Novice: 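What follows is a structure written as structure tokens; I'll ask about it next.
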Amino acid sequence: MSTTTDNSNNKAPKFPEQVTGMYILAEALRRVGIKDVYGLVGIPVTEAAYAMQKVGLNYYGFRFEQQAGMAAATHGYLTKTPGVLLTVSSLGMMNGLTATANATVNCYPMIQISGASDPDMVDMDLGTYEQLDQLNTARPLVKFALRCSHAKDIPAAVARAYRAAVSGRPGGVYIDMSTPALAEIMDASEVENLYFTPVDPASAVAPTQQAVDRAVEILTSAKHPAILLGKGAAYAQVDDKIKTLVETYKIPYLSMSMAKGLMPDAGPYSALSCRSTIMQQADAVMVIGARINWMLSFGKGKWNPDVKFIQLDIEPREMDRNVPVAAPVVGDMSLSLDMILEGLKGKTMSADSAWLVSLQAESKAKNAKFAQRLTEASAAKPMNHWTALSVIKPILESNPDVILVNEGANTLDDTRDSVDMSLPRHRIDCASWSIMGMGMGSSIGAAVATGKKVVAVEGDSAFGFSGMDFATICRYKLPVTVLVFNNGGIYNGIGVNPSGGDAPAPTTLDINAQYNLIGEAFGADGYRVETTDELRDALTKALASGRPSLIDVQLGADSGKESGHIGYLNPAPLIEYTV
Ligand code: ADP
Ligand code: MG
């Protein structure tokens, strides 16, 4: 084993009789079933990426580790298998860790593998190359973290990381792959005995019959029952079971952002437009794979104080987090739904017949009003968010198999509110942390994991965080169309510097920027559109071509309000400073 990070005297192994830790890593990933790796190479992991290609993995090289991590996270969400991120030591590791932490928060399975300087030297603070105590940096932000100091430990580390990522509540796992382990040479025959594939890595645990009976009793006794679908339900790929539950028992449902399409947004039981009514009037809500967190007003305030929550979740600590849960159903989603459907057999619902009818009437009225709003907006010049969406909505809705990636402030809110989804797992957004800076990475992960076309609807600010990885979309020729809603600012482009000076306001960006040229710089088709006709034409062409495309959607600078729908989260109302 090498004890310094200077490997200049190391001999190359006599391949294939001998292999390095880097090759063992590649082979271990392949043997557990990983096919795709997202990363950004440099010392000490460059050879590891070559080895990955050598053993037949697809390696996707990014421009920013955070975006490679967002790709891995989205890959994990869409496939129920860990997305894999490869990073270099120190800053590369930390750039990637942002995405791994975000994956953990959102319950997406992924494994970040980072090269690391010799831990013996790091621990003694000898000032080695890219010195950082990476293992302890990662630990509080991930589900499980471990370090390989020896090449012989790599196969087990990979197999255990795989199990940790996908079992129980899915999340991010970190492997600190130290330089000595990567550099170590072993006899290939000796390594052969070390590889193994984890048996039943996501062992499904069933809830108790008592928990199921309690849930069934509350659901069938309710006068105003409702179902709340979250991205945990979408992740679990139990689409048919949810459809059976909703349709057989005629229960209205509300979908959280990324659960949109799990059941069709425009379906007869969809109560998407009746969110407040559900909160105020439902007396039993079955929460399926969603957390009763800030996005659901913590289950209090706006909610009927007498509502009984039935909560299906794999994580026991999720129960009673903000409100007492009347019927916790802790267990694997698929087994839980099987048992609930079995328990419901032969039972009749006590729901008021007027409940569903009134929700359907409310939906119809609200949807008509919304359609009217889009029609009115479609004439606006310059375009505003709604003008652009009046064009994008029908195109995306008639291409339901396209995956929609969406981030921004107003761009996020308005796109989510206007575009109906009709297929599960076709909407990826900035999720529970409501972060900016996942767009290009998630688009790449979605395109690679599914082979489907992707359309990313991005605010101009949001796009800035990940825009350079549009180059990655081009390099790998992925069928991704990016729409940048250019209103020249964070929230909007009309911020004023209250000092009266020339410097841009904190929210001001570049209203005259031609984002399409970024696309063209990397060989994509670029479009700059100022009218609805131009937008329709560009999006139609981009989708038909399946080529990387970047559309600069020029909006008025005054389109969009401060913080979009969540202005109330600002610490205090903004003071209108006069210049
Ligand atoms: P949303 O943001 O859509 O409300 P959340 O991410 O808040 O969704 O909640 C998803 C929930 O789903 C998490 O509490 C997670 O533990 C749970 N979950 C994820 N996968 C499964 C599964 N296979 N079985 C049961 N629960 C799951
Ligand atoms: Mg903007």
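Indexing begins at 1, ligand by ligand and atom by atom, following the structure's order. Index from 1, following the sequence. Here the structure is a predicted model, which is why all the values come from computation and not from measurement.
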Novice: Hey, which N, O or S atom on D460 ends up closest to the Mg ion (ligand 2)?
Specialist: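 The nearest such atom is OD1.
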
Novice: Applying the side chain to side chain contact (heavy atoms under 4.5 Å, CB included) criterion to M70, which one of H75, M438, M440, M110 satisfies it?
Specialist: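 When side chain to side chain contact (heavy atoms under 4.5 Å, CB included) is applied between M70 and each of H75, M438, M440, M110, only M438 qualifies.
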
Novice: Taking NZ, NE, NH1 and NH2 as the nitrogens, is one of them in R321 or E318 under 4.0 Å from a carboxylate oxygen of the other?
Specialist: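 The answer is yes: the pair qualifies as a salt bridge.
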
Novice: Between T98 and Q66, what is the shortest heavy-atom contact and its length?
Specialist: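 Looks like CG2-NE2, 3.5 Å.
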
Novice: Can you list the ligand 1 atoms lying under 4.0 Å from a non-hydrogen atom of M256?
Specialist: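 Counting from 1, the qualifying ligand atoms are 3 (O), 4 (O).
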
Novice: Could an N or O of ligand 1 be found under 3.5 Å from any N or O of R291, whether backbone or side chain?
Specialist: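 Checking ligand 1 against R291, an N or O pair does fall under 3.5 Å apart.
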
Novice: If you have a sec, read the angle at the Mg ion (ligand 2) from N487 atom OD1 over to G489 atom O, to 10 degrees.
Specialist: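 Seen from the Mg ion (ligand 2), OD1 and O are separated by roughly 100°.
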
Novice: If we set the cut-off at 4.0 Å for heavy atoms, which region of R169 has an atom near ligand 1: side chain, backbone, both, or neither?
Specialist: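 Within the 4.0 Å criterion, R169 contacts ligand 1 through side-chain atoms alone.
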
Novice: Answer with side chain, backbone, both or neither: which part of S432 has a heavy atom less than 4.0 angstrom from an atom of ligand 1?
Specialist: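 Just the side chain.
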
Novice: Decide, yes or no, whether a salt bridge links K345 with E342 under the criterion of side-chain N to carboxylate O below 4.0 Å.
Specialist: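 Here K345 pairs with E342 in a salt bridge, since their nearest N and O are under 4.0 Å apart.
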
Novice: Considering non-hydrogen atoms of the protein only, which is the closest contact for atom 20 (N) of ligand 1, and what is the distance?
Specialist: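 Protein heavy atom at minimum distance: Y235 CD2, 3.6 Å.
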
Novice: Run through D265, N367, D417 and flag the one making a side-chain hydrogen bond (donor to acceptor under 3.5 Å, both in side chains) with S273.
Specialist: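 Exactly one pass, corresponding to N367.
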
Novice: Quick check: are there more than 12 heavy atoms from other residues, nucleotides or ligands sitting under 6.0 Å from NZ of K308?
Specialist: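 Counting neighbours around NZ of K308, 12 or fewer heavy atoms of other residues, nucleotides or ligands fall under 6.0 Å, so no.
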
Novice: Does an N or O anywhere in D313 fall below 3.5 Å from an N or O of ligand 1?
Specialist: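 Right, the criterion is met.
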
Novice: Does G331 have a non-hydrogen atom less than 4.0 Å from ligand 1?
Specialist: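 Under 4.0 Å: yes for G331.
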
Novice: When you measure from atom 23 (N) of ligand 1 to each heavy atom in A236, C107, S257, S336, which option holds the nearest one?
Specialist: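 The option holding the nearest heavy atom is A236.
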
Novice: Among all protein non-hydrogen atoms, which one is nearest to atom 27 (C) of ligand 1, and what is the separation to 0.1 Å?
Specialist: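 So the nearest neighbour among protein heavy atoms is I314 CG2, 3.8 Å.
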
Novice: Pairs of nitrogen or oxygen atoms closer than 3.5 Å, one from K231 and one from ligand 1: do any exist?
Specialist: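 The answer is yes, given that K231 and ligand 1 share an N or O pair closer than 3.5 Å.
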
Novice: Do the side chains of D313 and R291 get close enough for a salt bridge, i.e. N-O under 4.0 angstrom?
Specialist: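 So D313 does not pair with R291 through a salt bridge.
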
Novice: In Å and rounded to the nearest 0.5 Å, what is the CZ to CG distance from R416 to L389?
Specialist: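 Between R416 CZ and L389 CG, I get 12.0 Å after rounding to 0.5 Å.
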
Novice: Taking both backbone and side-chain atoms into account, decide whether N486 has an N/O/S atom under 2.8 Å from the Mg ion (ligand 2).
Specialist: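 So N486 does not bind the Mg ion (ligand 2) by this criterion.
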
Novice: Rounded to the nearest 0.5 Å, what separation is found between the CG atom of L228 and the CD1 atom of I292?
Specialist: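 Here the rounded value is 8.0 Å.
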
Novice: Could you find the nearest protein heavy atom to atom 10 (C) of ligand 1 and give me its residue, atom name and distance?
Specialist: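 Result: G289 O, 3.0 Å.
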
Novice: After noting the C-alpha distance and the side-chain angles of H426 and V402, does the key distance pass the side-chain contact (heavy atoms from CB on, under 4.5 Å) rule?
Specialist: CA-CA 7 Å; H426 278 62; V402 168; over 6 Å; no

Novice: For ligand 1, which atoms have a heavy atom of G230 less than 4.0 angstrom away?
Specialist: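 Answer for ligand 1: 3 (O).
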
Novice: Can you classify the ring geometry of Y77 versus Y108 as parallel (below 30°), tilted (30 to 60°) or perpendicular (above 60°)?
Specialist: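 Tilted.
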
Novice: Where is the nearest protein heavy atom to atom 12 (O) of ligand 1: which residue, which atom, and how far?
Specialist: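 For atom 12 (O) of ligand 1, the nearest protein heavy atom comes out as G232 CA, 3.2 Å.
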
Novice: Using a plain distance cutoff, I'd like to know if A233 has any nitrogen or oxygen under 3.5 Å from a nitrogen or oxygen of ligand 1.
Specialist: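 N/O-N/O distance below 3.5 Å does not exist for this pair.
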
Novice: With a heavy-atom distance limit of 4.0 Å, tell me whether M333 approaches ligand 1 through its side chain, its backbone, both, or neither.
Specialist: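 Answer for M333: both.
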
